[in-house]
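Residue numbering restarts at 1 for every chain, and letters A, B, ... go by the order of the sequence lines.
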There are 2 protein chains.
Amino acid sequence: MDRGKLRLRQLEALMAVSDHGSITNAATELGISQPAVSRLLSDLGDSLGFSLFDRKKGQMIPSQEVRFLQPDIRRVLELMRQISDVSQEITKRRAGHIRIACLPGFATNHLPEIVAAFLKERPGVSMTIEPDRPERILEWMIGEQYDFGITDGFAGHPAVESTNLEIRTVCVFPAGHPFNSLDVITPADMATENIIHTRRDSEFFSQLSKAFQTENATFNSLLEIRQFTAACELVCQGTGIAVVSELDAVKYTNQGLDFRPFAPTLPHRLSLVRPITQQPSMVTLEFMELFADSLQSFLIET
Amino acid sequence: MDRGKLRLRQLEALMAVSDHGSITNAATELGISQPAVSRLLSDLGDSLGFSLFDRKKGQMIPSQEVRFLQPDIRRVLELMRQISDVSQEITKRRAGHIRIACLPGFATNHLPEIVAAFLKERPGVSMTIEPDRPERILEWMIGEQYDFGITDGFAGHPAVESTNLEIRTVCVFPAGHPFNSLDVITPADMATENIIHTRRDSEFFSQLSKAFQTENATFNSLLEIRQFTAACELVCQGTGIAVVSELDAVKYTNQGLDFRPFAPTLPHRLSLVRPITQQPSMVTLEFMELFADSLQSFLIET
DNA sequence: GCAAAATATAATATAATGTTATAATAATAT
DNA sequence: ATATTATTATAACATTATATTATATTTTGC
């Protein structure tokens, strides 16, 4: 009776006939010939072991048994259609989920625009963005908790693949400050100013202080912060001046902040990282590429 | 890229490999050869347009994209299994839903035992039992609201198919009553008793009163009720005596009620009805048969 | 680099799914 | 009722999906 397994096509035929009242209509609907549907149904009837339809004035009325099964059958067909649709979206890099860990600065600053533009084009895609300290970001990559990380001061790790970028840095100062008459700002120019800078144990700080030492300029440390964005905020307030990545500086130009290139050229080393063991999804790869591109205009030319 | 439709077998293979870590294991699990699985996957990969697995030390790790689809895929496979299982139950007449409309007496009296036994054997079957007056039961049959009806005084209707049964009737009296010395009770015997009977406009009442008239016996009407069970209750209380269907009488023998055959033989005409337009499901047919059988020993032999 | 294991490919058989042509059946009109 | 028409079933056959076995190619672990 029922040795044959249920086949999807049979269920499709069943529902088409249920919904359109006749085998002929169902065949038209499915875009196949009438005998094809006829046979699908007779096969299904054989394997189910009960009659599928009762005839009533030329209408095919689903039997009680079929009506009992219909909700589940509809659900299966609907789900198959959905899987198919979502696959299409995925193929077009428009569906999936991306988990990003980034420096707190990026979570509020550059990243949101990129993310917004990316998601707008891809209705099925969702994201998790987790801002945290570089150490944690590294841990997350190693533990494969996140697909993509944006960090700095990355020293390399066997489980993490990284792309290292050198962002231009600039000296930022309040809009009315005399520095706005200069084209380039050097340590010597800054010798009389109060300086807001990153932590003393950061790589960027040691580069900066070395530049001052080389030129024998005084370094008036006023304030130690962790993030460039915080420095910019303080510079806006007139608290002091700072050397920060141009990426951060540009966001504050309409908030009473001005900036000029800093000489010598000091790179702000950013790292785009991902777990090496895990093959990234194609949406992730696309996002990583888009993000790297978005930084292109801020890179130090080599 | 993706002209081919998704096939169920491909999804099965995908999940088997996901769950068992290798194509070889998946093949064993599915009970087919390794190359078969290999090709199902490669076909699926072609039609989906993204890679399905990453290799990691001989383990096949589902890609991000696949992991994204897995919940839906599992749901589809689970549903297919379920549909298949339920079909089996239906084939074995063990699943479905039966809607029964019956006289109120049956809802509490004979029907529950039958229903209980029937459902016990068929875990997937559910029922709706709606007790109501004969007029409503008829309406429900015509409107195809119910699959099966138990009624009386049914005069026939073009939209309703019926099986008519004649149930034996007996005279019921309180256990200690002098009637218990008699083998058969006649109208003459009852002439001095107060009688509880059905409505004057019922077919059964007219039969009963005609029997009294034929024998020139006095008919002392005490109380008019609708249901035989109500009459039995009152007889137990010593309110009077009655002629009721044996079916009802037997239920009260352990509640202080006794009964003897009534002569002449008066049939209680029951009708088992169903909508003629609607092909009954096979569980329904089976139940109808079982129910008819359960009445067999109460029928007037012909 | 080599042996063992796992996977992919090729050639081919069988079952599923489609086709067209035609017979059988049910519904409707004369 | 009988003829007409519409619908469904069946037969013969083509194509595609799914399996097989045999064999080549990778990958993994030492």
What is the distance, rounded to the nearest whole Å, between atom [atom1] of [X] and atom [atom2] of [N]?
X	N	atom1	atom2	value
A:Leu8	D:dA17	CG	C1'	14 Å
A:His20	D:dT8	NE2	P	13 Å
B:Leu40	C:dT9	CG	C1'	15 Å
B:Leu41	C:dA6	CG	C1'	13 Å
B:Asn25	C:dA5	CG	P	13 Å
B:Phe53	D:dT27	CZ	P	17 Å
A:Leu44	C:dA16	CG	P	13 Å
B:Ile23	D:dT27	CD1	P	13 Å

In this structure, which one of B:Arg99, B:Gln145, B:His97 forms a side-chain hydrogen bond (donor to acceptor under 3.5 Å, both in side chains) with B:Thr128?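 Single side-chain hydrogen bond (donor to acceptor under 3.5 Å, both in side chains) partner of B:Thr128 among B:Arg99, B:Gln145, B:His97: B:His97.
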With both distances under 3.5 angstrom, what nucleotide forms a Watson-Crick or G-U wobble pair with C:dT30?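 Paired with C:dT30, as far as the under-3.5 Å criterion goes, is D:dA1.
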Is a side-chain donor-acceptor pair under 3.5 Å present for B:Gln64 with A:Thr284?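 On atom types as modelled, these side chains do not qualify, holding no pair under 3.5 Å.
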Residues two or more places apart in sequence or in another chain: which of them pass side chain to side chain donor-acceptor pair (under 3.5 Å) with B:Thr151?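 With sequence neighbours excluded, B:Thr151 shows a side chain to side chain donor-acceptor pair (under 3.5 Å) to no residue whatsoever.
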In chain order, what residues pass the side chain to side chain donor-acceptor pair (under 3.5 Å) check against B:Ser87, with sequence neighbours excluded?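 So B:Ser87 forms no side chain to side chain donor-acceptor pair (under 3.5 Å) with any residue.
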Donor-acceptor pairs under 3.5 Å, side chain of residues 8-15 of chain A to any protein atom, not counting sequence neighbours: which ones?
residue : atom : partner : partner atom : Å
A:Arg9  : NH1  : A:Glu12 : OE1          : 2.4
A:Gln10 : OE1  : A:Arg7  : N            : 3.1
A:Glu12 : OE2  : B:Lys5  : NZ           : 3.3

In residues 30-39 of chain A, what residues come within less than 4.0 Å of DNA chain D, judged by heavy atoms? A:Gln34, A:Pro35, A:Ser38
Who passes side-chain contact (heavy atoms from CB on, under 4.5 Å) against A:Leu285, sequence neighbours left out?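 A:Pro280.
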Looking at [N], I'd like to know if its phosphate oxygens (OP1 or OP2) sit under 4.0 Å from a side-chain N or O belonging to [X].
X	N	result
B:Ser22	C:dT7	yes
B:Thr24	C:dA5	no
B:Arg9	C:dA16	no

Taking salt bridge (Lys or Arg N to Asp or Glu O under 4.0 Å) as the cut-off, I'd like each qualifying pair that reaches into residues 271-292 of chain B, sequence neighbours left out, listed once.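 Of all non-adjacent pairs touching residues 271-292 of chain B, those that pass salt bridge (Lys or Arg N to Asp or Glu O under 4.0 Å) are B:Arg122-B:Glu286, B:Glu161-B:Arg274.
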